[in-house]
Structure formats: structure tokens, C-alpha cells
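A quick write-up on the structure given underneath.
Labels below follow one simple rule: chain letters A, B, ... track the order of the sequence lines, proteins then strands, and each chain is numbered from 1. The figures that follow rest on heavy atoms only: side chains count, while hydrogens, waters and symmetry mates do not.
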Amino acid sequence: MAEITYIDAINRTLHEEMTRDETTFLIGEDTGIYGGVFKATRGLLEEFGPDRIVDSPISESLIAGMTVGAAMVGCRPLPEIQFADFISPAFDQIVQQVARYYWRTRGAFEMPITLRCPYGGGVGGGVFHSQSNEAWFMNTPGLVMVAPGSVRDAAGLLRSAIRSQDPVLYWEHKKLYRSLKDDLPDGDETLTPIGKAEVARTGSHVTAISFGYTYQLCLEAADQLAEDGIEVEVIDLKTLLPLDKSTVIESIAKTGKAVIVHEAPKVGGIGGEIAAILAEECFWELDAPITRVAGYNTSFPAARTMEEHYMPSTAQIAAALKTAVET
Amino acid sequence: MAEITYIDAINRTLHEEMTRDETTFLIGEDTGIYGGVFKATRGLLEEFGPDRIVDSPISESLIAGMTVGAAMVGCRPLPEIQFADFISPAFDQIVQQVARYYWRTRGAFEMPITLRCPYGGGVGGGVFHSQSNEAWFMNTPGLVMVAPGSVRDAAGLLRSAIRSQDPVLYWEHKKLYRSLKDDLPDGDETLTPIGKAEVARTGSHVTAISFGYTYQLCLEAADQLAEDGIEVEVIDLKTLLPLDKSTVIESIAKTGKAVIVHEAPKVGGIGGEIAAILAEECFWELDAPITRVAGYNTSFPAARTMEEHYMPSTAQIAAALKTAVET
Amino acid sequence: MAEEQETQFSFPAKYRLTGEMEGCTDERKLELFERLLKTREFDARMRKLFRQGRFEGTFYSQIGQEACDVVIAYQLDKQDFVGPSHRDLGASTGKGVPLKYLTAQVYNRVDSPDGGRYTACHYWHPEFWVMNPSTSIVMNWIAATGAAFGYKMLKKDNVAVAFCGDGATAHGDFHEACNFAGVHRLPIVYVVQNNLWAESLPVALTTALTDLNHRADAYGFPGVSIDGNDVVETWNTTREALMRARSGAGPTLIEMKTYRWHGHSDIDPADYRSDDEVAHWMERDPIPRYEQYLREHKVLNDDALVEVRMRIEAEIEEAVDFAENSPRPAPDAYQSHVYAEAYPGFEFGDRNPGGANG
Amino acid sequence: MAEEQETQFSFPAKYRLTGEMEGCTDERKLELFERLLKTREFDARMRKLFRQGRFEGTFYSQIGQEACDVVIAYQLDKQDFVGPSHRDLGASTGKGVPLKYLTAQVYNRVDSPDGGRYTACHYWHPEFWVMNPSTSIVMNWIAATGAAFGYKMLKKDNVAVAFCGDGATAHGDFHEACNFAGVHRLPIVYVVQNNLWAESLPVALTTALTDLNHRADAYGFPGVSIDGNDVVETWNTTREALMRARSGAGPTLIEMKTYRWHGHSDIDPADYRSDDEVAHWMERDPIPRYEQYLREHKVLNDDALVEVRMRIEAEIEEAVDFAENSPRPAPDAYQSHVYAEAYPGFEFGDRNPGGANG
Ligand SMILES: Cc1ncc(C[n+]2csc(CCOP(=O)(O)OP(=O)(O)O)c2C)c(N)n1
Ligand SMILES: Cc1ncc(C[n+]2csc(CCOP(=O)(O)OP(=O)(O)O)c2C)c(N)n1
Ligand SMILES: [Mg+2]
Ligand SMILES: [Mg+2]
């Protein structure tokens with residue numbers, strides 16, 4: 001048992017799952033020779049060779065879309081988009097083809113595709129290396145989205161995604177890559193269930209709902225508030241689509257107050273969907289306005305002063321949780 | 001003063017605005033020689049010639065993206081996507097370039113671009129000719145979206161969009177093209193303000209919030225319910241981004257109940273954002289769960305039996321409004 | 001009868017087919033003819049039924065272009081992958097998909113391969129490895145490229161064939177797919193049917209090229225332009241391209257010059273083009289040209305033709321009956337197969353919880 | 001001094017420049033040299049400052065490729081449109097953008113044209129019509145094509161120039177832009193800098209082509225491949241292409257063979273390539289080759305060089321001071337210019353209504 005980082009958990013899981021299933025292949029930009037711009041795919045080319053570890057041309061639409069034909073003839077494709085910011089050229093293939101093909105063929109062809117997508121800010125990258133784009137895909141039935149917020153889930157959700165028969169967008173947060181370390185037993189084959197959120201910390205005063213990097217901030221905020229006697233329940237969504245409504249609703253039944261946190265701009269972010277579910281399905285349990293702590297409604301800025309301002313902070317989350325409790 | 005259809009209002013406004021401003025040009029598929037697959041651009045090629053009415057190759061990314069350079073050098077571009085379903089290949093250019101360029105250049109270059117986008121189901125077209133894709137763009141600060149639900153606004157919002165210095169996606173509903181007729185005085189130069197919703201019908205029991213085709217259904221539902229003594233307030237959003245929060249909030253302050261209606265799948269649709277605003281900003285005024293009447297969470301089906309089932313109906317909207325009132 | 005006469009003598013001598021069809025037995029020549037004619041007759045019948053209002057939506061006629069996809073599809077093994085576009089009836093008929101599935105698709109009935117949920121007129125069949133085409137232009141190009149990659153990676157011997165139109169070659173995905181296939185020498189044959197129009201767009205507004213085979217020059221694999229209405233040339237060219245693909249030598253792009261006789265869809269009056277142009281191309285009708293070739297080569301005679309026509313007529317009749325008797329899908333039948341796995345939070349949706357839902 | 005000697009004699013004779021630079025006065029030859037050298041020295045200084053931690057983010061060095069964009073940018077009128085990519089320092093320096101704006105951009109300071117909000121190292125200036133490049137590969141290609149369209153439609157005499165790398169040519173937008181420009185004979189020159197690598201991707205995995213000029217074969221306009229480290233050839237080729245564009249004859253695609261000496265960015269050790277390859281290309285350094293050419297043509301001598309170097313040194317010094325003294329942007333300075341118009345419902349957002357917001 002050794003402590004490993006979030007990114008190493010990804011790397012290790014890729015190794016394991018590609019060893020386990022010979023129909024898997026990985027395609028992306030700089031994923032082979034270079035081992036990935038973040039080194040998430042390090043060592044794979046050496047182990048599995050260029051037939052299965054494909055250094056793609058700069059053709060995101062192809063990277064995402066070719067998986068459909070490959071899946072049809074029996075492969076289990078693992079495409080990677082280098083930065084989430086560059087998923088937009090692949091948007092068409094993902095929402096129109098990858099996500100719908102199983103439905104279109106009335107189940108004739110399953111799409112066991114896992115598309116990895118490094119996202120998020122706080123790494124000094126400016127508008128094209130910092131985006132959190134998950135909301136673009138929320139209106140796409142047929143697509144699954146997961147977003148690990150812990151080392152265990154970095155492995156467990158990736159493993160589940162790869163073994164799933166559905167197309168999964170796997171959102172890995174760049175800021176967690178090396179900042180998050182945890183035990184991950186050797187040979188661990190945990191499958192984090194897709195479609196299930198987790199109450200990561202129990203509390204009775206207010207519920208913080210988040211995922212990925214901001215989920216970690218919520219844990220920090222909960223720690224801070226505990227000192228003032230405020231008990232925050234923290235939910236790690238893990239799966240963004242389809243959302244696990246019941247875990248969230250149950251929590252609100254207990255706390256009556258919800259603060260939703262994400263990094264993408266607030267307007268049109270996935271917090272809207274969560275708030276709408278609560279306002280529709282557990283309205284009577286709510287005893288305070290639903291708050292969203294999210295990115296500002298602008299593009300993501302480059303200079304460090306502005307970047308720091310843009311990112312949601314633990315203090316802001318704590319303040320919002322406190323305000324909710326005091327309402 | 002003559003009755004004209006929604007599509008003729010679009011056609012007439014294009015004629016007028018292109019006459020008014022010589023820097024405008026229109027680019028799209030089959031928009032010139034053919035006059036548009038719906039005939040929205042009929043007569044423009046004859047009037048303005050092939051330099052300004054461009055029959056584009058099947059290159060949606062180019063159609064949307066070339067407008068940025070054209071706008072920079074002084075044009076006012078009017079791109080058209082033939083069916084909203086085919087806006088996805090242009091998604092990258094729209095959200096990353098068109099919408100952000102003004103911000104990126106800190107205001108050095110305005111983007112007076114109006115991209116027209118025929119959307120919506122009920123015309124027997126199946127999954128690639130029926131989509132309502134507005135939600136894809138809700139998380140994109142810098143972009144404006146309008147969606148006329150009346151003949152007046154088909155003209156008034158288009159005129160405002162064309163004269164605006166911001167990039168506007170103009171969502172025109174295919175089912176309204178010829179089914180909606182109204183007076184539009186000759187020479188009318190009404191500018192429907194962008195960013196303002198309208199209380200189209202006042203009522204005190206419940207608020208129906210919608211736009212486009214389903215806004216018309218809401219009006220019908222309100223008529224039906226009036227017979228039972230239920231007074232429905234109907235809000236025509238008109239602008240989807242940025243949303244006019246205050247008009248909606250004011251209405252809820254009066255009625256306490258909100259039913260949001262759109263055609264796109266419920267999960268991840270723009271109804272989520274509206275519900276979230278209400279649950280955050282006028283929570284204490286609400287006295288019933290916020291309901292969303294929306295498309296089912298699947299792709300849009302082709303066969304007529306299924307298509308009819310898929311589309312929200314007046315009866316369903318009326319039922320949801322009634323349920324809200326009875327809560 | 002007049003029709004038969006016409007098919008034998010209506011085209012100018014210069015359009016007479018010559019040369020050998022490499023490696024093609026007489027039997028297969030005849031069977032190929034039957035598939036071509038079946039494609040034509042099926043299409044003509046569907047047009048008629050559409051005008052009679054027997055099915056909804058619209059219809060994309062392929063008449064005039066049959067040779068472009070029937071000839072190559074006919075040569076494929078069942079497991080070979082076909083990525084058709086919106087007009088590629090012949091991709092299915094050429095590969096031998098029974099007509100009843102195609103009529104059921106056109107009618108959007110329960111017995112179509114997708115149960116009526118996917119777009120009418122988008123012919124496909126999973127067991128014949130003809131993929132469900134994407135209405136969205138040239139998406140199939142990417143998918144077929146992915147299938148070719150898959151075959152290569154899995155070390156299967158199969159090849160893929162993708163079809164598109166002249167208009168589709170302007171799309172970014174056309175480029176990304178071809179480029180990738182070139183780099184990886186994938187086992188694929190790309191067929192561009194240049195029918196001079198993309199809806200109302202003349203090919204001169206799609207490209208500055210005269211011959212679309214030059215698209216391939218950008219990808220480092222061979223491109224060739226042929227008369228797509230010449231079955232013999234089409235046979236030989238596609239046969240060679242398929243052999244190239246199967247041998248591991250990589251992709252080929254074939255531009256087939258052809259023409260659609262009717263509008264883009266059957267609600268398009270197609271008044272953007274001249275009668276002369278249409279007449280010129282009708283003279284080059286691939287089917288009578290091939291028929292005469294078969295007659296000259298003593299592969300076909302009047303008796304055989306009658307037999308072929310009867311078989312075709314019977315299959316079409318049966319297929320139309322099949323579709324017309326196939327139920328319309330239940331209103332909510334599309335509410336399945338969104339996901340392959342089960343998720344606790346997923347719901348199709350319920351518009352009127354507690355009340356009667358529609 | 002050693003450095004000067006090196007610039008004069010370090011490359012093999014076969015890399016010696018010959019021929020005339022058409023229509024270029026001695027004065028302009030010298031000024032062009034100054035811009036090239038300035039680009040080199042600026043870049044080298046930025047690399048040094050990056051390693052010293054004087055600014056954040058990363059740095060994309062262009063060293064080795066200067067001739068590819070300086071030479072063409074230098075020939076443009078101020079109103080001509082330039083669409084650079086992420087490595088095109090020379091597009092700005094070539095066109096005469098003062099260095100202080102470029103250092104301020106690298107440092108992400110208030111005095112950069114975008115006030116530090118846009119990505120460091122993405123050189124641009126609105127008044128010089130060098131567009132804000134898109135990090136997203138080849139987006140600038142589409143924008144520049146749109147600008148060329150705009151010029152043509154508005155009947156302005158200007159032209160557009162777009163730059164991209166070998167890797168970028170695989171992207172769908174590359175295709176859509178070139179194809180459209182071909183159809184409409186737009187006044188544009190496309191420059192592909194083939195530096196053999198796209199990050200770690202060797203060009204053989206980007207394309208099956210050896211010479212990328214063949215990309216143009218797909219679009220019906222001329223493509224040409226040249227030694228992008230040969231200033232004379234680059235001058236003559238780009239000059240002709242610009243004249244073609246200005247005369248209404250349409251686009252040209254120029255592949256310039258070149259090399260980036262350093263990693264993709266300055267955090268890339270670039271160990272995917274061999275030392276030999278790097279050494280081979282350093283020998284072909286465009287600047288000493290051009291320097292020797294100028295000396296041979298008596299346009300440059302030691303004294304003039306000293307003067308040039310002093311001017312460059314001074315401008316760089318001043319520009320670095322300018323950036324270092326330019327304030328960091330206020331934390332919320334990015335909260336402006338989302339929209340040009342006012343909308344009642346738009347808010348930048350407030351994370352802690354009622355409380356202290358950060
Ligand atoms: C991405 C996309 N854009 C636009 C359309 C609308 N559309 C359908 S067919 C067609 C023309 C296709 O022309 P071509 O590729 O030449 O094929 P043909 O119809 O001539 O067989 C167009 C523009 C579409 N289906 N998909
Ligand atoms: C759409 C998109 N995909 C991926 C990237 C990441 N990326 C940045 S530069 C680059 C390589 C570019 O190579 P090339 O075009 O040859 O230019 P060079 O860096 O060699 O100058 C890549 C993959 C990007 N910026 N945009
Ligand atoms: Mg065509
Ligand atoms: Mg390169």
C-alpha cells in the first residue's frame with residue numbers, strides 16, 4: 001500500500017485495464033511518445049505499442065468520432081482530449097454520434113467508450129487551458145459524465161467507465177493531478193459505481209454539493225465551519241450525468257439547505273440542473289434559498305491576480321454555507 | 001398593414017436590414033440560389049448579389065467562424081445554420097471564438113454577428129432535423145440568444161440582433177414558420193429590446209415561463225384554464241441569454257408558482273437555470289415546487305406516433321399549471 | 001415494349017461500355033445487374049408511394065447514381081463495414097439487405113432495424129454491417145475510418161467503405177478522416193459521388209477543383225476520378241481499391257462522376273438546374289449501358305431480363321406489403337436504449353407527475 | 001568576437017544564400033535584418049527571463065523559425081490582416097509592433113493589449129492588425145479567411161496572411177478555410193511552418209505527405225514548398241504570393257521547412273528528438289545565412305551590425321522594464337467587456353451576496 005497521486009492513479013488504472021482487455025486502445029494528442037502532456041499516459045506506448053497507443057494528429061473531431069466505428073467492430077476505445085478546452089471541436093461527434101448511436105440503432109451497437117478530459121483552472125493557463133466545460137454536455141441523453149474528486153475515485157471511476165458499455169466523459173481536474181495524494185492499495189480493483197453520489201461527510205445544518213476540485217474545497221470549508229459548530233454535509237457527486245437525485249434529495253430532507261459549488265460560470269452551469277431538481281422534487285424540505293457558488297460569468301483570465309480571483313475559494317464556500325445556515 | 005407569417009417577417013426584416021446597412025452579408029447553405037430550405041432568404045440573392053449572399057460549402061465551422069475576421073475588418077455578418085441540428089460542427093467557433101473575442105481583446109473588436117438557427121420539432125424530421133439545442137450555449141458568457149415566439153418578435157428581435165454590437169444566436173422555430181400569422185405594419189421598424197422578457201398575459205395564480213413554440217402552447221393552455229377560473233400569467237422570455245431575471249422574479253412575487261416550459265430534454269435544459277434563479281433569488285415568494293414541462297430525456301424520434309408523444313402539448317402544460325395551482 | 005427498347009438503344013455510342021470486368025464471372029455480372037435494377041425499381045416505387053402520401057417525411061431519390069454504390073457494395077464480404085450517407089440506397093441493396101427492412105425504414109415502422117425511431121430513408125442494417133448513416137453530413141466518413149482502424153488493430157481481414165457526396169467533401173470531418181487514414185494506411189475505400197449538386201449548391205461553389213480525386217493529393221494516397229455511370233470502369237476501379245485496402249496498402253479515394261435525376265429530396269423541384277443538364281445525364285443512365293454490355297457479352301437476353309424483372313417486382317411488392325402491414329411504433333417506443341447500463345437517477349421524464357401523462 | 005565569427009562562418013557552403021531579393025532596396029534589406037535579429041534576441045531574452053522566474057505561465061520559443069513570419073509580415077501594409085498562431089512572435093515583430101506590448105503580453109500585465117487577461121505569449125496588437133491568436137489550433141486560419149472575405153466584400157485593397165504549423169494542417173478547420181478561400185479566390189496567403197514536430201508528434205504522424213504544399217492541391221490554388229530558413233527564397237516566394245492575393249488571383253499556400261530549436265514550450269525537454277537533428281537545423285540558422293548574404297552584397301558591415309545590435313538591445317531593455325513596471329491587473333479586471341451592449345439581467349456574479357466578496 002502506497003500513497004499515490006490522482007494522476008498516478010489514472011495512469012495505473014489505464015495500465016491495468018489495458019492489460020486486462022486487449023480490445024482497448026488509447027488515442028489522443030501526445031499520449032504516446034510523450035506520455036501525455038501531464039504524463040497521465042506515461043509508459044503505455046512502451047507497454048502496448050503503437051497499434052494500441054495512438055499519437056493522433058491534431059484532429060479532435062476524429063479522435064472522438066472514430067471511436068464509434070471502432071466500437072462497432074469490437075474495440076473498447078479510450079480517447080483523450082488534451083485539454084478540456086479543446087473538446088469543442090469534438091462536440092459534434094460526441095453529442096450527435098457517440099452519445100446517440102446506441103439509441104439510434106435501438107441497441108444494436110453499444111458504445112463502450114471512455115473519453116478522458118483534463119479540465120479546470122488554477123494552473124496559470126489562461127482561457128484555453130482552464131475551462132470547466134461539463135455543462136455543455138448536460139442536455140445530452142445517452143452520455144455519461146463522471147468527475148472524480150479523490151484519488152480512489154480517479155482509479156475507481158476510471159475503471160468503471162472503461163468497463164461500462166456506455167460512452168463516458170471522464171473529467172479529471174488538472175489542479176488535483178499532483179496536489180491530491182492518497183493510499184491506493186496495490187492490486188486494488190475497486191469499481192466506484194457510476195450513477196451514485198456519496199455523502200462524503202455527514203452533517204445536519206447544510207449540504208454542500210460539489211465534485212472534483214471544488215469538492216475538496218467543500219471538505220476544507222466544512223472543516224473550518226466545524227470549529228464554529230456548523231455541521232456541513234458534503235456530497236461528492238462523482239457522476240454528473242445521469243445525476244444521482246436521491247442521494248441529494250435525502251440530504252436536503254435532513255439539512256433543508258443546499259449550497260452547490262462548481263468552477264464553471266454560474267449561468268448555465270450544472271448547478272442549475274441540481275437546483276432545479278431540488279426546487280421541483282424536495283421543495284417542501286427546503287428552508288432556505290438554494291445557493292450556487294460558481295465561476296464568474298466571464299471567460300477564464302490568464303494573469304495570476306485575476307485567476308486567483310476567478311477560482312472559487314474555500315473562504316467563499318464557507319461564507320455561503322454559513323449564510324445558508326444563518327438564514 | 002397585412003397579415004404575414006413568422007417566416008415572412010424574418011425574410012422581410014433581412015431585406016430591410018441588408019438594404020439599410022451595406023456592410024451586412026449573409027452566408028449559409030442553400031441560402032442564395034435556393035432562397036433557403038425554408039425560403040427564409042428568398043429574393044435576397046437577386047437583390048444583393050452573390051458578394052453579399054453567399055451560398056456556402058457544407059462547412060458549418062467556417063460559416064460561423066469566418067464571421068469573426070469579417071467583423072474585425074468592418075462587416076456585419078449574418079450567418080445561417082440550415083438546421084439547428086447542424087450547429088454542433090460550428091460549436092467550437094461559436095463558443096470559443098465568436099462569443100469570447102470581444103472579451104479576449106478587451107473590447108478592441110466588437111462582434112456584431114447574428115447567427116440564425118432554425119430549430120425545433122414537430123415537422124417530421126427525426127433526430128437530425130428536430131433538435132432544440134439552445135441549452136448547449138447557456139454556459140457561454142459573451143453570447144446572446146434570442147428566440148422569438150411571435151411574428152412581431154420574429155421581426156423585432158431579428159432587427160435588434162442585427163443592429164446589436166454583440167454576437168446573437170437567433171433561434172427561429174420551424175413549426176411557427178407558417179403556422180403563425182399576424183399583422184406587421186409595412187415599414188414597421190420595431191426593435192424588440194434584447195434582454196427583456198415580456199409578461200404576455202397577466203394572471204395571479206401561476207406563472208408559465210417559456211419562449212418560441214411552447215410559449216404559444218402556454219398561451220393556449222392559459223386560455224383553456226381561464227374557463228376554469230384559473231388565471232395564468234404567461235411570460236415570453238424572448239431573450240434566453242442573458243436572461244431577464246427581474247421580470248420573472250416579479251411575476252413569481254405575485255403568483256408564487258412557476259411552471260417552466262421548453263421542448264429540449266428536461267435534464268440540462270435551460271429550464272434548470274431559470275428554476276435555479278428562482279430558487280436562489282425569490283425563494284421566499286415561492287409557495288409550490290417549480291415544475292418543468294420539457295422534452296423527454298431521449299433523442300428526438302422520427303415516426304409520427306412517437307414525435308407527437310415527444311412534443312410537449314397544451315394539455316400537458318395545462319395539467320402542470322393546474323397541479324401547481326392546486327398545490 | 002417501349003421501356004425495354006429504351007433501355008437498349010437510348011444512349012449515344014460514346015457511352016457504350018467496353019473492356020473486361022476483371023475477375024467477374026458471368027453469373028456475378030448478372031446478379032450485379034439484378035441488384036442495380038432492383039435499386040432503381042425500388043427507388044422509383046418509393047417515389048411513387050411518397051407522392052401518393054403512403055408514408056410521411058420525405059424521400060431522397062438515388063436514381064441515376066446506382067452504380068456508384070451498388071457495384072462496390074456488391075463486392076464486399078458480409079463483415080466488411082459500410083458507412084453510407086443519406087442517399088445511399090445502393091449501399092444496402094448492393095450488399096444484399098432484404099428490401100423489406102428498407103421499406104420498413106422508409107415507412108418508419110416497427111420492423112425497421114431501429115423500430116421507426118431513426119430517420120426515414122436512412123437505410124442500414126446491423127447484421128449486414130451497413131451502419132446507420134448520419135444525416136449529419138460526412139459523420140459516417142469518420143465512423144467508417146474508425147471501423148477500418150478497428151479492423152486493423154484487431155487484426156481482422158475486413159475493410160471499410162465510406163460514401164459521400166461532392167458537397168460533403170468541404171466538411172472538416174472529411175479532412176480529418178482522410179488524413180488519419182492516410183497516416184495509418186487504413187483498409188478503407190472512400191467513394192465520393194460527385195453528382196454536381198449539393199442540394200442547390202453547384203459543385204463549383206463547393207470546390208475550386210474540377211476533379212475531386214485531387215482531394216486525395218492532400219493525404220498521400222491515390223485518388224482517381226471515373227465515370228460513375230460506367231459499371232465496367234466502376235467495377236475495375238473499386239475492385240482494385242478494395243484489393244489495395246485488403247492487402248494493407250492503404251486507402252483509395254474514388255471520385256465517381258454521376259448525377260441524381262431528381263431533386264435533392266422529393267419535395268425539391270430542383271429548378272436550379274437546366275433541363276438540358278438533366279437530359280444529358282439521363283442519356284448516360286448506368287443501367288441500360290450495363291444492360292447492353294451484358295447483352296453484347298451474351299450474359300443477358302430478353303428471357304433472362306423478364307425473369308429478373310419478375311423477381312424484383314415480387315420482392316418489392318412483398319417489401320411494400322411488409323412495411324404497410326408493419327405497425328406504427330407505439331408512441332413511447334423511443335423511450336428505450338438511451339443507456340446500455342442502468343443508473344438510479346436516470347428517468348425518461350414524466351410531464352405530469354401524479355396526473356395522466358401523454 | 002566569437003559570436004560574430006560564428007554568425008559568419010558556421011554553416012556549410014550549401015546553405016549559402018544566392019539570388020536576388022526582388023524589389024527590395026538595400027535599406028529595406030537591412031531593416032528586415034534588424035527585425036529578424038530583434039525577433040531572435042527578444043525571444044532569447046524572454047527564455048532567460050522565464051528561467052529566472054520573472055514571469056508566470058510558460059513560453060513558446062520561436063527561435064529558428066524567424067524568417068517564416070518576419071519576412072512576409074514585414075512586407076505588409078499596416079491595414080493588412082495577420083492571423084498568427086501560438087508561436088508567431090515574428091508576425092508581430094515583422095509588422096513592427098513595438099516590443100513593449102509584447103513583453104507586457106508575456107508578463108500578462110496591464111499594459112498588454114488585453115490588459116493581461118489573454119494568454120501570455122500570444123502576441124497581437126489591434127492597431128497593427130495582428131489578431132489576437134487563438135490558442136485553439138488553426139482557429140486563426142478561419143478568422144483570417146473571414147477577414148480576407150471581408151476585404152473582398154468591402155472592396156478594400158488589403159490582404160490577409162495566416163500562419164500555422166505542420167500539426168495544425170490536420171485539423172478540420174484548416175480544410176474548411178482553405179477550401180472556401182479557393183472557391184472565392186480570396187486575397188490571402190497561407191503559411192504553414194513545417195518544423196517537423198507538433199509538440200511531440202513527428203510530422204509523419206500528422207500526414208502521409210512529405211511536402212505539405214500538396215495540401216493545396218485539394219483546393220485548386222497553388223502550393224509551394226520552400227526552405228523557410230532561406231530569407232531570399234522566402235522573400236521572393238511570399239512577395240509573389242502577396243502580389244497574387246492583391247491582384248485578385250486568389251490564395252497561395254506556402255510550406256516553409258523550418259525548425260524550432262527549443263522545446264514546444266520552455267517546460268518541454270524535447271527529448272523525443274535527436275541531438276543530431278537539432279544540430280543539423282542549427283547549421284541552417286536563417287539569421288547568419290542572411291547576414292552573410294547582406295555582407296556579400298555590401299549591405300551590412302561590422303559597424304552597421306554594432307549599431308543594429310545596440311538599437312535592438314536598447315529596445316529590448318526598455319520593453320522589459322516597461323513590462324516589469326507595468327502593474328499586475330487588478331484581481332477583478334477581467335470583469336469587463338463580456339458584452340458590448342448592456343443587458344438588465346447580466347451580472348458578472350457575486351459569490352457571497354451580502355457578505356464580503358473576493
Ligand atoms: C452537417 C450538415 N450540414 C448540412 C446538412 C444538410 N444537407 C443534407 S444533404 C446536403 C447536401 C449534400 O450534398 P452532397 O454531399 O453533394 O450529397 P448529395 O445530396 O448530392 O448526394 C445538405 C447541405 C446536413 N445534413 N449535415
Ligand atoms: C484544437 C487544439 N488542440 C490541441 C492543442 C494543443 N496544442 C498546442 S500547440 C500543439 C502543437 C502544434 O503543432 P504545430 O501546428 O506543428 O505548431 P508548432 O507548435 O510546431 O509551431 C498542440 C497539439 C491546441 N492548442 N488546440
Ligand atoms: Mg452532391
Ligand atoms: Mg510544428
ask   = How about D/Asp268 and A/Tyr34: do any of their side-chain heavy atoms sit closer than 4.5 Å?
value = yes

message = Could you report the tightest heavy-atom contact between D/Asn108 and A/Ala303, atom names first, then the distance?
response = O-CB, 3.6 Å

task = Looking only at non-hydrogen atoms, find the nearest pair between A/Asp30 and D/Glu199 and report the distance.
result = OD1-CB, 3.2 Å

query = Side chain, backbone, both or neither: which part of A/Phe83 has a non-hydrogen atom closer than 4.5 Å to chain D?
reply = neither

ask   = Do you know which of A/Ser59, A/Gly32, A/Ser313 has the most heavy-atom pairs with chain D at a distance under 4.5 angstrom?
value = A/Ser59

query = Can you tell me if D/Thr119 uses its side chain to pair, donor with acceptor, with the backbone of A/Gly126 under 3.5 Å?
reply = no

remark   = The interface call for A/Pro89 against chain D, heavy-atom contacts under 4.5 Å, is side chain

inquiry  = Between A/Thr298 (side chain only) and D/Gln335 (backbone N and O only), is there a donor and an acceptor less than 3.5 Å apart?
reply    = no

ask   = Going by heavy atoms in the side chains, are A/Glu60 and D/His171 under 4.5 Å from each other?
value = yes

task = Identify which of D/Val338, D/Asp332, D/Thr169, D/Val138 forms the greatest number of heavy-atom pairs closer than 4.5 Å to chain A.
result = D/Asp332

ask   = In Å and rounded to the nearest 0.5 Å, what is the OG1 to CG distance from D/Thr206 to A/Asp55?
value = 9.5 Å

query = Do side-chain atoms of D/Arg117 reach the backbone of A/Ala302 as a donor and acceptor pair under 3.5 angstrom?
reply = no

inquiry  = Which atoms of D/Tyr107 are under 4.5 Å from chain A, going by heavy atoms: the side chain, the backbone, both sets, or neither?
reply    = neither

task = Tell me, for A/Val37 versus chain D, whether the close heavy atoms (under 4.5 Å) come from the side chain, the backbone, both or neither.
result = side chain

message = Please check if the number of heavy atoms outside A/Asp228 that lie under 6.0 Å from its CG is greater than 12.
response = yes

note = Counting heavy-atom pairs under 4.5 Å with chain D, the top scorer among A/Gly124, A/Ala294, A/Ser61 is A/Ala294

key: Approximate separation, where rounding is to 0.5 Å, of A/Asn297 CG and D/Asp350 CG   = 11.0 Å

query = Can you tell if the side chain of D/Tyr334 reaches within under 4.5 Å of the side chain of A/Ser299, non-hydrogen atoms only?
reply = no

ask   = Counting heavy-atom pairs under 4.5 Å to chain A, which of D/Ala168, D/Pro329, D/Gly115, D/Ala120 comes out on top?
value = D/Pro329

message = For A/Tyr296 and D/Arg351: C-alpha separation, side-chain torsions, deciding distance, then whether side chain to side chain contact (heavy atoms under 4.5 Å, CB included) applies.
response = CA-CA 8 Å; A/Tyr296 292 106; D/Arg351 285 209 194 108; 3.2 Å; yes

key: Cation-pi geometry met for A/Arg304 and D/Phe55 (6.0 Å, 45°)   = no

Neighbour count >12 (heavy atoms, 6.0 Å) for atom NZ, D/Lys257 = yes

query = To the nearest 0.5 Å, what is the distance between CZ (D/Arg273) and CD1 (A/Ile33)?
reply = 13.0 Å

